Amino acid sequence: MSWLDRLRAGLGKTRAGLQNVGSLEQDVREAFTRLDTIEDLEYALIAADVGRAATEEIIEDVRRSEGGNLQDALMRALTLQLEPDLRRAQFRQLGFTPDVSRSKVEPRGHVVMVIGVNGVGKTTTIAKLGQYYMERGKSVMFAAGDTFRAAAGTQLGVWGDRLGVPVIQGTDGGDPAAVAFDAASARKSRGTDLLFVDTAGRLHTKHNLMEELKKVRRVIDKADENEPGEVWLVLDAVTGQNGLQQAKKFHEATPLTGVIVTKLDGTAKGGILVPIVRELGVPIKFIGVGEQPGDLQPFDSQEFVQALFDVDVPKA
Ligand SMILES: Nc1nc2c(ncn2[C@@H]2O[C@H](COP(=O)(O)OP(=O)(O)OP(=O)(O)O)[C@@H](O)[C@H]2O)c(=O)[nH]1
Ligand SMILES: [Mg+2]
């Protein structure tokens, strides 16, 4: 099964919900003459975790569309919600100017901190990222910054061996900031292109653990000026609405520069990506669609929405 097929399968439930709206083939203007269609659409979007504010805006966008069928209008409106770049005018009002000058997944700087709650797929994602960038000619290092869970360093070490990536290890129960400091210093002196720093899973509601993240961030900057250039939050797509709360709390503690959504090959709703992009103005960088190192794809909003509706649009 290709990754796109796995994504399509994962989003099957959400798609079924949208298809309940009645015929997506119907003329969009005609659809909006029927109150039940609008209500069904509203329900389907909210059930898919799109969130109320975005749902209202999507419906408004669809209502304003010039013509064509309901599905095309809906796909356009959803794509727009998933692209901070396209929504730049709106974000500028909020004092946020996304950087559109560089490739979307080209990291700024050399150090990427990877954070998130327990079990969302941080360590696996780091392995995937290592493979992704090495295939594109970058040199890569990992830091086993999860000193809390006994097996975590070993887990990353195994990935490092498999992929041929050097791993800076700490001591079990030791200070994660110390590992991060050593790794950032080593990265600098070796001139490695990219360092991915693993961190222990933590609940976004635990104050001390969020403070620890801030400390890790500070020491990386101390070891290697202006780093980490990126802080990526890993979110499990199956989490649903709680994902937004997680993202907000992590963003408060250590401002995020990107989000990676994993397990989109499971029975995820997928709609949660919308309020995250919308409320944080942070781009989705990659999506995880399986457990193997190759199961990571740069996020493409158009592709994602096409998978959601299961339509094949040949790539230009
Ligand atoms: N199906 C699927 N499974 C995934 C994906 N990403 C990670 N996993 C699985 O999720 C489980 C947890 O992954 P880890 O990488 O250990 O998660 P973590 O966030 O590092 O966990 P902690 O360090 O304990 O907080 C593993 O079984 C992974 O194989 C994905 O995209 N799809
Ligand atoms: Mg881990």
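If you're wondering where the values come from, they're calculated on a predicted model, not measured in any experiment. Every number for a ligand or one of its atoms is a count from 1 in the order of the listing.
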Any atoms of ligand 1 less than 4.0 Å from a non-hydrogen atom of [X]? List them with their elements.
X	value
V289	31 (O)
D146	23 (O)
K122	15 (O), 17 (O), 18 (P), 19 (O), 20 (O), 21 (O), 22 (P), 25 (O)
G201	25 (O)
G288	31 (O)

Dump the intermediate steps for side chain to side chain contact (heavy atoms under 4.5 Å, CB included) on V50 and I46, then the final yes or no. CA-CA 5 Å; V50 164; I46 286 172; over 6 Å; no
[X] to ligand 1, any heavy atom closer than 4.0 Å:
X	value
D295	no
R202	no
G290	yes

Which word best sums up how the rings of Y133 and F196 line up, parallel for under 30°, tilted for 30 to 60°, or perpendicular for over 60°?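 Answer is parallel, since the angle falls under 30°.
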Quick test: of every protein heavy atom, which one is nearest to [atom], and how far off is it to 0.1 Å?
atom	result
atom 24 (O) of ligand 1	R149 NE, 3.2 Å
atom 16 (O) of ligand 1	Q155 NE2, 3.0 Å
atom 14 (P) of ligand 1	T124 OG1, 3.4 Å
atom 31 (O) of ligand 1	K263 N, 3.0 Å
atom 6 (N) of ligand 1	K128 NZ, 3.8 Å
atom 26 (C) of ligand 1	E291 OE1, 4.0 Å
atom 32 (N) of ligand 1	D265 OD1, 2.8 Å
atom 22 (P) of ligand 1	G119 N, 3.5 Å

Do any N or O atoms from the side chain of R108 and from the backbone of G229 form a donor-acceptor pair under 3.5 angstrom?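 Side chain of R108 to backbone of G229, a donor-acceptor pair under 3.5 Å: yes, one is there.
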Verify the distance criterion only: is there a donor paired with an acceptor across the side chains of [X] and [Y] at less than 3.5 Å?
X	Y	result
T123	D198	yes
T55	E42	no
E57	Q81	yes
R34	Q26	yes

How long is the span from the OG1 atom in T205 to the CE atom in M210, to the nearest 0.5 Å?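 Taking OG1 in T205 and CE in M210, the distance rounds to 8.5 Å.
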Under the salt bridge (Lys or Arg N to Asp or Glu O under 4.0 Å) rule, what do R149 and D172 come out as? Steps first, then yes or no, please. CA-CA 8 Å; R149 196 163 56 83; D172 283 349; over 6 Å; no
Flag T123 as yes when one of its N or O atoms lies below 3.5 Å from any N or O atom of ligand 1, and as no otherwise.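 Yes, at least one N or O pair falls under 3.5 Å.
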N/O to N/O below 3.5 Å, does that happen between V120 and ligand 1?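 Yes, V120 has an N/O under 3.5 Å of an N/O on ligand 1.
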Does E212 have any salt bridge (charged side-chain N to carboxylate O under 4.0 Å, His left out) partners at least two apart in sequence or in another chain, and if so, which?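 Checked E212 against salt bridge (charged side-chain N to carboxylate O under 4.0 Å, His left out); matches are R202.
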Between D193 and S139, does a side-chain hydrogen bond (donor to acceptor under 3.5 Å, both in side chains) hold up when you go through it step by step? CA-CA 5 Å; D193 294 323; S139 53; 3.2 Å; yes
Tell me, do V120 and L235 make a side-chain contact under 4.5 Å, heavy atoms counted?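 Sidechains of L235 and V120: no contact.
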Which protein N, O or S atoms lie under 2.8 Å from the Mg ion (ligand 2)?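 Sorted hits: T123 OG1.
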For D295, is there an ion pair with K128 - N to carboxylate O distance below 4.0 angstrom?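 Looking at D295 together with K128, the answer is no, because their closest N to O distance does not fall below 4.0 Å.
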Lys/Arg N to Asp/Glu carboxylate O, E106 vs K138, below 4.0 Å: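 Between K138 and E106 there is a salt bridge, with a charged N closer than 4.0 Å to a carboxylate O.
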